[in-house]
J.: 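Have a look at the structure that comes next, please.
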Amino acid sequence: MKKIVLTMVLCAGVLFANAQLIKNNFLAGYTVGQDLEKGAYANTTQDETNPIKLNQWNLSGKTGNNDQSPESVSPKLVAPLTYASYIESGKNVAIDLLKLTTGGRTDIYSLADDNTYGAGTYYVAFMFNVSAATTSGAEFISLDGNYTGNAQRARLGIKGIDETTYAIGLGDGGAPSVFSGIYNFGTTYLAVLKVVIDGAGLGTTSVYINPNVAGTEPASSTVTPVGITGTALKAIRGLVIRQRSTLAAQLGGLRFAKTWTDALGQGASSAKTANADKGEVISVNYYTTTGVQVQEPSNGVYIQKLTYSNGAVETIKILK
């Protein structure tokens, strides 16, 4: 057993050398039917009176009908989404964004209370499935420079075209104003949202819909890129989702990374491509980077070892 663990850790060391995955466990530990929110901010202040509720989904501190509609409730968790060959396909659960009668609800996954994710290039990959959207158009996922959810930028939105199709758009400080493409309600798509920020509040946002999971970053954004303006997104402090009266959708399989490769999980496991049909997972074990087995990972970097019914073993670096 010691040899197996040592071999695994040595192999993992090679993965660590180039890995730029920041987080992929946004929905780990949830079960179908649970509420998404694990906390709530009293307001949008970022200080000791309203400290960060780190690494969890929280109701935003924003007030008003569009952010805390009286008739809205926490999003629920539903069965996982699937998208062929995407590393997060079928894992954990998905978030159900209900179509509200009126107003909206803003939730934020709080990542940091400082500039840890400041100037640089970042990618957020995820699956989404839209079941309804009005023709007014609005965003449902964005990044935030405030851990309480008050400074959204890089907004990905949708706008209904007819009873069966919709278009996608990107926005900056407000909802997208330009939409393009034709996408089908009830179909699961893969998106990679890319932001480049300069640390002063300026940057650009691009999005890639259904990219080649095993390919390189496309030369062109699926939707015309938009600028990031003002000073709101000097650093990424949270990931925001919105329940609204204008749409209904599910999303899951979130990955936050510094490279295209890690956003899509390319090369995350040396065993992955060599065992295309591994069968069902029969055991899951966790180890520290020094090879010590633990019951459950807490905070830090760990190796997840998956053993399949055909005998294949897959090791994946995870960040808790």
J.: Test side-chain contact (heavy atoms from CB on, under 4.5 Å) on V192 and V124; report intermediate values, then the result.
T.: CA-CA 6 Å; V192 181; V124 179; over 6 Å; no
J.: Has the side chain of W57 got a donor or acceptor atom that lies under 3.5 Å from a matching backbone atom of D35?
T.: no
J.: If we only count heavy atoms from C-beta on, is the I182 to I161 side-chain gap below 4.5 Å?
T.: yes
J.: Picking from L97, L254, V240, I95, what satisfies side chain to side chain contact (heavy atoms under 4.5 Å, CB included) with I141?
T.: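 Result: among L97, L254, V240, I95, L254 is the only option passing the side chain to side chain contact (heavy atoms under 4.5 Å, CB included) with I141.
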J.: Under 3.5 Å, side chain of R155 to main-chain N/O of E139, donor-acceptor pair present?
T.: no
J.: Kindly work out whether a path of hydrophobic side-chain contacts (I/L/V/M/F/W/Y, heavy atoms less than 4.5 Å apart) joins I209 to V130.
T.: yes
J.: Report whether L59 and I241 are members of the same hydrophobic cluster (ILVMFWY, side-chain heavy atoms less than 4.5 Å apart, transitive linking).
T.: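 Shared cluster, no.
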J.: Can you see which heavy atom on A263 is nearest to which on A257, and at what distance?
T.: N-CB, 3.5 Å
J.: Checking the side chain of S110 only, and the main-chain atoms of Y147 only, is there a donor and an acceptor separated by less than 3.5 Å?
T.: yes
J.: Step by step, work out the side-chain contact (heavy atoms from CB on, under 4.5 Å) result for M127 and Q250.
T.: CA-CA 8 Å; M127 298 171 286; Q250 295 179 355; over 6 Å; no
J.: Using the side-chain contact (heavy atoms from CB on, under 4.5 Å) rule, take L143 and V195 through it: C-alpha gap first, then chi angles, then the decisive distance, then the call.
T.: CA-CA 9 Å; L143 298 175; V195 296; 3.7 Å; yes
J.: Does a donor on one side chain and an acceptor on the other come within less than 3.5 Å for S69 and R105?
T.: no
J.: Can you check salt bridge (Lys or Arg N to Asp or Glu O under 4.0 Å) on D67 and R242, steps first, answer last?
T.: CA-CA 8 Å; D67 296 291; R242 298 288 302 276; 3.8 Å; yes
J.: Using a strict cut-off of less than 4.0 Å between a Lys/Arg side-chain nitrogen and an Asp/Glu carboxylate oxygen, indicate whether K234 and D198 qualify as a salt bridge.
T.: no
J.: Are side-chain heavy atoms of S72 and L100 found at a separation under 4.5 Å?
T.: yes
J.: Hey, is the main chain of R255 close enough, under 3.5 Å, to the side chain of N24 for a donor-acceptor pair?
T.: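 Not at all, since once roles are kept as given, no pair shorter than 3.5 Å links the two residues.
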J.: Give a yes or no on whether the backbone of D113 and the side-chain of Q46 come within a donor-acceptor separation of less than 3.5 Å.
T.: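 A pair under 3.5 Å: no.
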J.: Testing the 3.5 Å rule here: is there a donor-acceptor pair between the side chains of S136 and T134?
T.: yes
J.: Donor-acceptor pair, S221 side chain versus T224 backbone, under 3.5 Å?
T.: no
J.: Just checking, is any N or O donor in the side chain of N43 or T45 under 3.5 Å from an acceptor N or O on the other one?
T.: yes
J.: Less than 4.5 Å apart, any side-chain heavy atom of T188 and any of T82?
T.: no
J.: Any side-chain heavy-atom pair from T165 and F185 closer than 4.5 angstrom?
T.: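 A side-chain contact under 4.5 Å is absent here.
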J.: Is it true that, when you exclude L54 itself, more than 12 heavy atoms of the residues, nucleotides or ligands shown sit nearer than 6.0 Å to its CG?
T.: yes
J.: Do D144 and Q152 meet the criterion of a side-chain donor-acceptor pair at a distance under 3.5 Å?
T.: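 Indeed, the side chains of D144 and Q152 share at least one donor-acceptor pair under 3.5 Å.
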J.: Working to the nearest 0.5 Å, report the span between CG of N146 and CG of L233.
T.: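 Reported to 0.5 Å precision, the distance equals 11.0 Å.
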J.: With side chains defined as the heavy atoms from C-beta onward, is the minimum distance between R237 and L111 less than 4.5 Å?
T.: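 Result no, sub-4.5 Å side-chain heavy-atom pair not found.
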J.: Going from OG on S74 to CG on D107, what distance comes out if it is rounded to the nearest 0.5 angstrom?
T.: 6.0 Å
J.: Under 3.5 Å, is there a donor on one side chain and an acceptor on the other for Y208 and E217?
T.: yes
J.: Would you compute the distance between atom OG1 of T164 and atom OH of Y183 and round it to the nearest 0.5 angstrom?
T.: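 One gets 15.0 Å once the value is rounded to the nearest 0.5 Å.
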J.: Does the ring center of F179 lie less than 6.0 Å from the ring center of Y166?
T.: no
J.: Can you tell me if T148 uses its side chain to pair, donor with acceptor, with the backbone of S60 under 3.5 Å?
T.: no
J.: For the pair R244 and K99, evaluate side-chain contact (heavy atoms from CB on, under 4.5 Å) and give the outcome as yes or no after the intermediate values.
T.: CA-CA 6 Å; R244 319 188 69 114; K99 186 175 185 296; over 6 Å; no
J.: In this structure, is the centre-to-centre distance between the rings of Y122 and F256 below 6.0 Å?
T.: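 Between F256 and Y122, the centre distance is under 6.0 Å.
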J.: Nearest 0.5 Å, what's the CG-NZ distance between L81 and K91?
T.: 14.0 Å
J.: Taking the side chain as every heavy atom from C-beta outward, state whether I228 and I197 have any pair of such atoms under 4.5 Å apart.
T.: yes
J.: Tell me, do N25 and K23 make a side-chain contact under 4.5 Å, heavy atoms counted?
T.: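 With C-beta onward as the side chain, the pair touches.
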J.: N58 and E37: side-chain donor and acceptor closer than 3.5 Å?
T.: no
J.: F126 vs F140 aromatic rings, parallel, tilted or perpendicular, using cut-offs 30° and 60°?
T.: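 Taking F140 first and then F126, their aromatic rings stand perpendicular (interplane angle over 60°).
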J.: Are the side chain of N129 and the backbone of G186 linked by a donor-acceptor contact shorter than 3.5 Å?
T.: yes
J.: Whether K38 engages the ring of Y30 as a cation-pi pair (distance to the six-membered ring centre under 6.0 angstrom, angle to the ring normal within 45°) should be assessed.
T.: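 Verdict for Y30: a cation-pi partner in K38.
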J.: What is the distance from atom CD1 of I108 to atom CD of Q56, rounded to the nearest 0.5 Å?
T.: 11.5 Å
J.: Testing the basics here: between A175 and G137, what is the closest heavy-atom pair and its distance to 0.1 Å?
T.: CB-O, 4.4 Å
J.: Hey, quick one: are Y189 and I158 part of the same hydrophobic cluster, counting side-chain heavy atoms closer than 4.5 Å, chains of contacts allowed?
T.: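 Result: yes, single cluster for both.
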J.: Short question: side chain of Y83, backbone of F128 - any donor-acceptor pair under 3.5 Å?
T.: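 No, because the side chain of Y83 does not come within donor-acceptor range (under 3.5 Å) of the backbone of F128.
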J.: Where the side chain of Y41 meets the backbone of K53, is there a donor-acceptor pair that is under 3.5 Å apart?
T.: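 Present.
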J.: Identify whether L251 and I168 are in the same connected component of the hydrophobic contact network (ILVMFWY, side-chain heavy atoms under 4.5 Å).
T.: yes
J.: With rounding to the nearest 0.5 angstrom, report the CG to CG distance, L170 to L193.
T.: 6.5 Å
J.: With side chains defined as the heavy atoms from C-beta onward, is the minimum distance between D96 and L77 less than 4.5 Å?
T.: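 No, every pair of side-chain atoms sits at 4.5 Å or beyond.
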J.: Establish whether V73 and L36 are linked, either directly or via other cluster members, by ILVMFWY side-chain heavy-atom contacts under 4.5 Å.
T.: no
J.: Check D172 with R153, please: is the shortest side-chain N to carboxylate O separation under 4.0 Å?
T.: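 Between D172 and R153 there is a salt bridge, with a charged N closer than 4.0 Å to a carboxylate O.
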